[in-house]
Amino acid sequence: MHKNLVIVESPAKAKTIEKFLGKDFKVMSSYGHIRDLNPKDFSIDIENNYLPKYIVPTDKKKLVSELKSEAKKAEQVWLASDEDREGEAISWHLYEVLGLKPENTKRIVFHEITKTAILHAIETPREINQNLVDAQQARRVLDRIVGFELSPVLWRKVKPSLSAGRVQSVTVRLIVEREREIHSFVSEAAYRVIANFILPDGTTVLKAELNKRLKTKEEVISLLNLCKTASFQIDDIAKKPVKKSPAAPFTTSTLQQEASRKLGYSVSQTMMIAQKLYESGFITYMRTDSFNLSDLALGTSKEEILSLYGEKYYKFRQYHTKSKGAQEAHEAIRPTYVNKVDAGGTAQEKKLYELIRKRTLASQMADAELERTTISVGISGQKEKFVATGEVIVFDGFLQVYRESLDDESEKEQENGLLPAVEMNAVLNLDEVKATERFTQRPPRYTEASLVRRLEELGIGRPSTYAPTIQTVQNRQYVVKGDKPGEERNYTAIALKKGKITESLKSEIVGADRNKLMPTDIGIVVNDFLMEYFPNILDYNFTANVEKEFDSIADGEMIWTSVIDNFYKLFHPIVEATTAIKTEHKVGERALGIDPKSGKPVFVKIGRFGPVAQMGQSFPDDKEAPKPSFASLLKEQSIETITLDEAIKLFDLPRTIGEFEEKEIVAAIGRFGPFLRHDGKFVTIPKEFSPYTISLEDSVELIKNKRIQEEQRFIKSFEEEPELQILNGRFGAYIAYKKSNYKIPKETEPISLTFEQCMKIIEDTPEKKTTKKRTTRKKA
DNA sequence: CAGTGAGCGAGCTTCCGCTTGACTT
């Protein structure tokens, strides 16, 4: 029997806090929200002033009843969820659902998990802040209205099962627009001119770049000709001190970015690894938008820096958030004990911990001091100059520990080290001049991490949703993460050496991308549709603007239902109107032209199963009219860029190749790539062949190979049960029974299994949960 | 796991944020 029950959001937090509070306190966790709008229906009563209908989800029922019974037993209940909008709402839902009484319920908050902070919180309880709760209700209801009214419009106008929402739709927009920028980008060429000079000592080389890029080959040639006879003299030496400051401690988004750049983790990987470190007590909470470090952390960081590096390297710093809509309920992400050098079980955990620790320490360290030297070399009779810049570290400061990585590696291209000692007015000998054609670079495609950074800048999404949002837009097939091969590009290099000018044509591969985010056809069509009819929702400032209204609700200046009412009155009529629009063309349809063979028009559009080409008009009312034919686009093709010829070629498939054993062989391309069909069986066409050209001989060969493979697949069957078989698969032997597959324990020899043993394995295998989300497809 | 899509009409899909498991490949 406990006198006090404290409820926090996270079980790991509960464990830590229980230690601080002693015997009279029991600490439990709510595991986040315990109540929400019903996911299955709209759950907002528009007629009744937007009254939300909340339910306790089934997987939370057991937890809620446990909390209820503990709350009943306790003399005092302390609601200790986070101090932000969502946290306040969690406390309020707990209060309502657990049937708590005002006289023995207290609301407490703390921003850091330290004994002093928690004891202080207990000393200074307050009541639930209903305004803040209402701000959360407004947020929740708005998101539900947008999501559940917009998505059905897409089902009707574009394709079933699609989705739209305040966060995901803008995320897709960012990626679509970036892809369009890339396609419309025209690179400009200019010559970068670099000279090597020999200093008066006769050996030392000074490398310097012309202070201007030359547009044409003619300009380059005339400069090089001039250089043949010109004299070169140092006409300026400038030294400038430069300071660099450390980056702030990690928040969720900066951790995701750095772990991606330095360790190559995806954002969801980073979060999973961080979660492990958090649960083991090595780091503070990993979903945060705050740069703040607790006094305790500041103190221990200081001690650690002083003892490791000395006083000169320490500097007290406090960081303030710049991101829109930050709620700062937690600390920055930091080690629980900064003096712990090494933590974590796996190599991945260790690396992430090290990164967090170094970033935390560096954030409390002195500036790095550098000296930047600029040497300028004049060309006789010319106003252009060659310039060399070098940077040397005078005092390393925080760089001793940590250096933040850049997204674009070429940004740091011109980092030169120490320049040789030179004297003013010294005359230099020219050794060589190289002019290389360089091109302006197209904008980069987003990585997961750079997308998160952009979302955070726009104030869209929260630390807990960055990783899931990136997953959602990929699950909906609006966006794919993938590779793009680069293109070969020629460039000219012109050199002057020993009085001779030589020109050469070289080539390089440019624009190759790995693991970058790109829009699909569906993503593009949905985005264009939403941009046309719902530009306000897709506006990059939409979230920031409604956040201001949520803030006024929290400040008690506005009633949440009237904020929602204002929005709904504008939004809902557009939904109605858009639904009613009858367009001649399907959304996203593009006419490519006329097929010269048949004279029929060719279109591309989004069909029920994705991008499809259509040949021939459709006349739904005329039963006699010839039906159009359809062909799916290939994976690498796009509605936006496909040409008429490419589309016409799609209709060459399925192609009848010939007969084998008196049955037709047909080649086509399906969901899993090119295949042959023969006698009701399917054979994959390997990469060396094309379904458009494969010969009858090769096809027969493939079919025969497949048959041999099939024979080897079979290991054993049983008289007792014809549906039970032991087979050889991609991952080794397995048991097949009534359309399900079962794993055979490692130590067993598959051939020796008896009927009884097989049935036992089947019985012992736990029922598969229906995790495959989209298998419940109906047959058309 | 499979090569579909102009129609006979059922019922389904969907949002964002707060939290962890318990699943499988």
Side-chain angles (χ1 to χ4, degrees), chain A residues 8-13 29-37 39-43 59-60 63 81-82 84-87 89-90 93 136 139-155 159-169 272 275 279 285 287 329 460-466 468-469 472 476 543 605-610 612-614 616-623 625-632 653-654 666-677 681-682 684 691 730-731 743 766-780:
Chain A
V8 296
E9 290 181 38
S10 143
K13 210 181 199 178
S29 160
S30 74
Y31 292 81
H33 277 292
I34 53 142
R35 201 165 70 151
D36 190 14
L37 300 175
K40 297 238 181 288
D41 58 39
F42 195 58
S43 287
D59 60 335
K60 284 287 174 77
L63 171 75
S81 49
D82 298 343
D84 57 13
R85 215 158 54 198
E86 298 297 327
I90 287 172
H93 283 302
Q136 192 274 348
R139 198 281 303 157
R140 183 67 190 90
V141 166
L142 178 94
D143 282 338
R144 172 53 64 91
I145 290 174
V146 172
F148 274 44
E149 295 219 341
L150 231 40
S151 300
V153 178
L154 295 178
W155 304 344
K159 195 172 105 101
S161 301
L162 295 176
S163 66
R166 174 177 59 83
V167 172
Q168 57 167 281
S169 294
M272 269 154 54
Q275 175 91 27
E279 283 170 13
Y285 197 56
R287 290 187 275 261
I460 295 169
R462 305 276 314 130
S464 67
T465 62
Y466 296 137
T469 299
T472 304
R476 297 267 168 270
T543 291
K605 61 180 187 183
I606 300 287
R608 268 208 286 161
F609 307 105
V612 70
Q614 175 183 337
Q617 284 281 17
S618 66
F619 304 96
D621 302 330
D622 183 358
K623 291 264 189 286
K627 298 214 162 107
S629 42
F630 295 91
S632 288
L653 295 178
V666 175
I669 297 177
R671 270 214 288 158
F672 308 102
F675 68 94
L676 296 171
R677 191 179 55 216
K681 290 202 170 110
F682 297 96
T684 307
R730 219 156 31 112
F731 310 112
K743 223 191 279 179
E767 189 79 5
K768 247 199 251 176
K769 272 180 106 183
T770 49
T771 39
K772 279 189 183 170
K773 268 196 146 177
R774 311 207 152 260
T775 43
T776 49
R777 268 282 153 80
K778 38 86 221 255
K779 290 269 171 331

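The shown structure was predicted, so the numbers you read here are calculated from the model rather than taken from an experiment.
Here the shortest heavy-atom pairing between A/Leu676 and A/Ala667 reads CD2-CB, 3.9 Å. The shortest heavy-atom contact between A/Ser30 and A/Ile90 is OG-CG2, 3.9 Å.
Taking 4.0 angstrom as the limit, A/Gln168 places a side-chain polar atom (N or O) nearer than this to OP1 or OP2 of B/dC15. The shortest distance between the side-chain N/O atoms of A/Arg287 and the OP1/OP2 oxygens of B/dT19 is below 4.0 Å. The side chain of A/Arg462 contributes an N or O atom lying less than 4.0 Å from OP1 or OP2 of B/dC18. Within the structure, every side-chain polar atom (N or O) of A/Tyr466 is placed at least 4.0 Å from both OP1 and OP2 of B/dG17. The side chain of A/Arg35 contributes no N or O atom lying less than 4.0 Å from OP1 or OP2 of B/dG17. One finds a side-chain N or O of A/Ser10 lying less than 4.0 angstrom from the OP1 or OP2 phosphate oxygen of B/dT20. Residue A/Arg85 has no polar side-chain atom (N or O) positioned under 4.0 Å from OP1 or OP2 of B/dC18.
Rounded to a whole Å, the CD1 atom of A/Ile90 is 8 Å from the C1' atom of B/dG17. Atom CG in A/Leu63 sits roughly 14 Å away from atom P in B/dT19 (whole-Å rounding). Rounded to whole Å, atom C1' of B/dT4 lies 12 Å from atom NZ of A/Lys159. Whole-Å rounding puts the A/Phe675 CZ to B/dA2 P distance at 12 Å. The distance between atom CZ of A/Arg140 and atom C1' of B/dC15, rounded to the nearest whole Å, is 6 Å. Summarising the geometry, the separation between CZ on A/Phe630 and P on B/dG5 is reported as 9 Å, rounded to the nearest angstrom. B/dC18 atom C1' lies 14 Å from atom CG of A/Leu37, rounded to whole Å. The distance from atom CG of A/Asp59 to atom P of B/dC23 is 14 Å, rounded to the nearest whole Å.
Note on A/Ala164: only backbone sugar-phosphate atoms sit closer than 4.0 angstrom, heavy atoms only; bases stay farther off. Here A/Lys40 lies in heavy-atom contact (under 4.0 Å) with a base. When heavy atoms are screened at a 4.0 angstrom cut-off, A/Phe42 is found touching no nucleic acid atom at all. Within 4.0 Å (heavy atoms only), A/Gly165 reaches sugar-phosphate atoms of the nucleic acid but no base atom. Contact annotation for A/Gln275: backbone-only contact, meaning every heavy-atom pair under 4.0 Å involves sugar-phosphate atoms and none involves a base. No engagement by A/Ile145 is indicated, since no non-hydrogen atom pair under 4.0 Å with the nucleic acid exists. As judged by a 4.0 angstrom heavy-atom cut-off over every strand, A/Arg677 is placed among residues making no nucleic acid contact. Within the nucleic acid shown, A/Gly87 has no heavy atom closer than 4.0 Å to any nucleic acid atom. Among the atoms of the strands shown, none is found under 4.0 Å from any heavy atom of A/Gly616. As judged by a 4.0 angstrom heavy-atom cut-off over every strand, A/Pro468 is placed among residues making no nucleic acid contact.
The closest donor-acceptor contact from the side chain of A/Ser151 to the backbone of A/Gly147 lies under 3.5 Å.
Ion pairing between a basic and an acidic side chain is recognised when a charged N comes within 4.0 Å of a carboxylate O; A/Lys13 and A/Asp82 show such pairing.
Comparing atom distances between the A/His33 side chain and each of B/dT14, B/dG17, B/dG5 picks out B/dG17 as nearest. Checking B/dC16, B/dC18, B/dT20 against every side-chain atom of A/Asp84, the shortest atom distance belongs to B/dC18. With B/dG17, B/dT13, B/dT19 as the choices, the nucleotide that has an atom nearest any side-chain atom of A/Trp155 turns out to be B/dT13. Picking from B/dT20, B/dG3, B/dC16 the nucleotide with the shortest atom distance to the side chain of A/Phe682 gives B/dG3. Taking only side-chain atoms of A/Val612, from C-beta outward, the nucleotide of B/dT19, B/dG5, B/dG17 with the closest atom is B/dG5.
DNA chain B contains no stems of three or more consecutive Watson-Crick or G-U pairs with both distances under 3.5 Å.
Residue side chain A/Ser632 reaches the base of B/dG5 through a donor-acceptor N/O pair under 3.5 Å, judged by distance alone.
Ring orientation note: the planes of A/Phe42 and A/Phe148 are tilted relative to one another, at an angle of 30° to 60°.
Take the nearest nucleotide of DNA chain B for A/Ser29 and for A/Ile606: the residue whose nucleotide is more 5' is A/Ile606. In terms of position on DNA chain B, the residue among A/Ser151 and A/Ser464 whose nearest nucleotide sits closer to the 5' end is A/Ser151.
Expressed to the nearest 0.5 Å, how far NE2 of A/His93 lies from NZ of A/Lys60 amounts to 11.0 Å.
Using a 3.5 Å distance cut-off with no hydrogens or angles, the side chains of A/Ser629 and A/Gln614 do not pair a donor with an acceptor. Judged purely by distance below 3.5 Å, without hydrogens or angles, the side chains of A/Arg476 and A/Ser163 pair a donor atom with an acceptor atom.
Taking the salt bridge (Lys or Arg N to Asp or Glu O under 4.0 Å) definition, one finds that A/Arg144 meets it with nothing, sequence neighbours left out.
Atom name P, nucleotides B/dT24 and B/dC1: the rounded distance is 16 Å, in whole Å.
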Practice item. Go through the steps for A/Arg462 and A/Glu86 under the test salt bridge (Lys or Arg N to Asp or Glu O under 4.0 Å), then give the verdict. Key: CA-CA 11 Å; A/Arg462 305 276 314 130; A/Glu86 298 297 327; over 6 Å; no
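Both thresholds, 5.5 Å between centres and 30° between ring planes, are met by A/Phe148 relative to the base of B/dT14, so the two rings are stacked.
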